[in-house]
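Report on the following structure.
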Amino acid sequence: MEVERQQLSVEEEVAILSRGAEDIFPEGELENKIRQAREEGRPLRVKLGVDPTATDLHLGHLIPVLKLRQFQELGHQAVLIIGDYTATVGDPSGRNKARPQLTHEEVLENAKTYTDQLFKILDESKTEVHYNGEWFSKMSFQEVIQLLSRMTLARMLEREDFANRMREQSPISLHELVYPLMQGYDSAMVRADIELGGTDQKFNILVGRDIQREFGQSPQVGICNPILIGIDGTEKMSKSLGNIIGLNDPPNEMFGKTMSIPDELMRMYFEQITPVSLAEIDELMKGIQTGTHHPRDVKRRLAMEVVRRFHGDDAATKAAEEFDRVFAQQELPEDMPEVVLERARLEDGRIWIVRLIVTAQFAGSNAEARRLVQQGAVKIDEETITDDSYDWPARDNAVLRVGRRRFARIRLQD
RNA sequence: GGAGGGGUACCGAAGUGGUCAACCGGGGCAGACUGUAAAUCUGUUGGCGUAGCCUUCGCAGGUUCGAAUCCUGCCCCCUCCA
């Protein structure tokens, strides 16, 4: 890859790195940065900061990471910042209320699983990793004051998220105001040439430029990718909204979730997550409009690309076959979770249907399970059960189905 | 510190002594229709083997036959003044 980079023109390199980016600022500066780095015979230092606030990463987290990998593939220096200190503050970007504050211990616990997942994408051996506690833990109060003096309240309150909260008369805690400064300080500490992030990071990245200037550094260039919309098609992908495709989702689930996104999202997913060329994406999208491609088939391709990226070729092919079998041909999936029933729990060899559903974890309470039965969502061996007092004569290998997509194979055990 | 407003289920929001497990909207779930898409329509949305009970309207007490609703204390948020 690095050899190839030498052969690329600056313009070509800019084009590659701009793919899928919604905002690069200041305009034209990316090109200058690349030129300058070439003259100095060094790679660009490309910063991405992540706060390990959760353990389960999803596709949305990954967009800037994939961008970072692009840089890495072109021989630039990836600088990953684990925000062990920033995470205890909580990024207010795009929020309408303060984030819950995590303890430092919680953050460090999350960090491990977090980086494990990131290094499925990034080349670990070529990534410079910093915890921002490296510098924040050593800062004196005087230095903190010095840092705070770089920002004015007015500028802070101009931000859309804070402005909204002011207008809605909802609280803004002072610690939230510090966050952008911390993130900006990170940029100065690692001497970033480029900082990556979602479009909601624009403000924070701009603050980084100010602080770098303060330290006599040339200010970084920001590259912002769009915020990935979740599978509900309206809100940004976020665990609390339950609209995520998780990195650790098994292939079939990943495939199925991708198939359930609204058509309008296909382009975004293709561009942001898959390596499919822009030309081909255009062709696919045009095909849908002119009717030469069925939207379903294009989405099937997308789902395969997504699964391939995280689980490999074989898994993608299998997931697609499974999907066709279950939903196109209405057959049962090949693999499904097993629910073990101990014979001792049965009464006269029977089990109450509601209990069965709860045992299979398809409902959180008897009442919920009962509702599902009453609504005709429950099938055993494809036969609908509508009587919520039904005692099912348990049989090994039977298939319990709840709703359209949840299946479990029943295993009897002594 | 002073004055006023407010805290209701996943979110928003009604409800000011019983008819309130709490109107309505959004979201979620399920069914119909489909391409497991979107849109639309319908149902459902605290728990308990369903029968009445139990727990829930910021927290803790109190008044009352009866409290989301009244009283007292506490916590938190917003606005104006300082």
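Proteins get letters first, then strands, A, B, ... in listed order; numbering begins at 1 in each.
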Rounded to whole Å, the CD1-C1' distance (A:Ile357 to B:rC29) equals 13 Å
Point to revise | Whole-Å P distance, B:rG6 and B:rA14 | key: 10 Å
Q | Presence of A:Ser260 side-chain N/O under 4.0 Å of B:rA37 phosphate oxygens OP1/OP2 | A | no
Self-check item: Any donor-acceptor N or O pair under 3.5 Å, side chains A:Glu195, A:Gln201
Solution: no
Checking N1-N3 plus N6-O4 or O6-N4 for Watson-Crick, or N1-O2 and O6-N3 for wobble, each under 3.5 Å, the partner of B:rG27 is B:rU45
Determine the interatomic distance between C1' on B:rC53 and the same-named atom on B:rG61; round to the nearest Å.
26 Å
request  = For nucleotides B:rC57 and B:rG12, find the distance between their C1' atoms and express it as a whole number of Å.
outcome  = 15 Å
* How about A:Asp91 and A:Ser93: does a side-chain donor come under 3.5 Å of a side-chain acceptor? -> yes
Here the distance between atom C1' of B:rG12 and atom NZ of A:Lys97, to the nearest Å, is 11 Å
Atom CD of A:Glu235 and atom P of B:rC11 are separated, to the nearest Å, by 15 Å
Side-chain contact check for A:Ala367: nearest option of B:rG47, B:rG49, B:rG35 is B:rG47
(message) Side chains of A:Thr86 and A:Asp51: any donor to acceptor distance under 3.5 Å?
(response) yes
note: A:Asn96, atom CG; B:rG26, atom P; distance rounded to Å ~ 20 Å
Assign each of A:Leu241 and A:Ser389 the nucleotide of RNA chain B bearing its closest heavy atom; nearer the 5' end lies the nucleotide of A:Leu241
(request) Report yes if a side-chain nitrogen or oxygen of A:Arg404 is closer than 4.0 Å to either non-bridging phosphate oxygen (OP1 or OP2) of B:rG31; otherwise report no. (result) yes
Per nearest nucleotide of RNA chain B, the residue lying toward the 5' end, A:Val354 or A:Leu372, is A:Leu372
Tell me whether the side-chain N/O atoms of A:Arg406 come closer than 4.0 Å to OP1 or OP2 in B:rA30. yes
In whole Å, measure the gap between the C1' atoms of B:rU79 and B:rG62 for me. 32 Å
Here the distance between atom C1' of B:rU42 and atom CD of A:Gln374, to the nearest Å, is 16 Å
Residues of residues 340-350 of chain A with a heavy atom under 4.0 Å from any atom of RNA chain B, listed by number, are none
Whole-Å distance, A:Asp232 CG to B:rG26 C1', equals 13 Å
Between CZ of A:Arg370 and P of B:rU45 the distance, given in whole Å, is 13 Å
What I want to check is whether the side chains of A:Gln72 and A:Asp123 have a donor and an acceptor closer together than 3.5 Å. no
NA contact type, A:Arg300, heavy-atom cut-off 4.0 Å: base, sugar-phosphate, or nothing? nothing
In 5'-to-3' order, the base (B), backbone-only (S) or no-contact (-) status of each nucleotide in nucleotides 77-82 of chain B, using a 4.0 angstrom heavy-atom cut-off, is SSS---
Within the 4.0 Å heavy-atom criterion, would you say A:Leu265 contacts the bases, only the backbone, or no part of the nucleic acid?
nothing
Exercise for review: Tell me what A:Gly403 touches on the nucleic acid: a base, only sugar-phosphate, or nothing, going by heavy atoms under 4.0 Å.
Suggested key: sugar-phosphate
Checklist line | Separation between the C1' atoms of B:rC48 and B:rU56, rounded to whole Å | finding: 15 Å
Of the candidates B:rU50, B:rA30, B:rG49, the side chain of A:Arg355 sits closest to B:rG49
(message) Tell me whether the count of non-hydrogen atoms from other residues, nucleotides or ligands lying under 6.0 Å of CG in A:Asp335 goes above 12.
(response) yes
Nearest heavy-atom approach of A:Met259 to A:Arg296 is CE-O, 3.8 Å
With C1' as the reference atom in both, quote the distance from B:rU8 to B:rC20 in angstrom, rounded to an integer.
-> 12 Å
Side chain A:Gln375 and base B:rG31 donor-acceptor under 3.5 Å: no
(Q) Once hydrogens and angles are ignored, does a donor-acceptor distance under 3.5 Å link the base of B:rG35 to the side chain of A:Asp263? (A) yes
Paired to B:rU79 by Watson-Crick or G-U wobble criteria (both distances under 3.5 Å) is B:rA3
Rounding to the closest angstrom, what is the interatomic distance between B:rC65 and B:rU72 at atom C1'? 22 Å
The reported gap from CZ in A:Arg209 to CZ in A:Arg213 (rounded to nearest 0.5 angstrom) is 5.0 Å
Q. When you check the side-chain N and O atoms of A:Lys286 and A:Gln289, is any donor under 3.5 Å from an acceptor?
A. no
Would you please classify the geometry between the A:Phe215 ring and the A:Tyr185 ring as parallel, tilted or perpendicular, with 30° and 60° separating the classes? perpendicular
The Watson-Crick or G-U wobble partner of B:rC70, with both key distances under 3.5 Å, is B:rG62
Sorted by chain and residue number, the side chain to side chain contact (heavy atoms under 4.5 Å, CB included) partners of A:Arg267 (sequence neighbours excluded) come out as A:Glu271, A:Ile281, A:Asp282, A:Met285
Whole-Å distance, A:Trp352 CH2 to B:rG49 P, equals 5 Å
Checklist entry - Say you pick atom P in B:rA30 and the same atom in B:rC78; how far apart are they, in whole Å? => result 39 Å
- Do A:Ser187 and A:Lys47 pass the side-chain hydrogen bond (donor to acceptor under 3.5 Å, both in side chains) test, and can you show the C-alpha distance, the side-chain angles, and the key distance before you say yes or no? CA-CA 7 Å; A:Ser187 291; A:Lys47 172 200 173 200; 2.7 Å; yes
If pairing means Watson-Crick or G-U wobble with both distances under 3.5 Å, then the partner of B:rU55 is none
- Message: Could you check whether the side chain of A:Arg371 and the base of B:rU45 have a donor-acceptor pair of N or O atoms closer than 3.5 Å, going by distance alone?
- Response: no
inquiry  = Quick check: do A:Ile194 and A:His76 have side-chain heavy atoms less than 4.5 Å from each other?
reply    = no
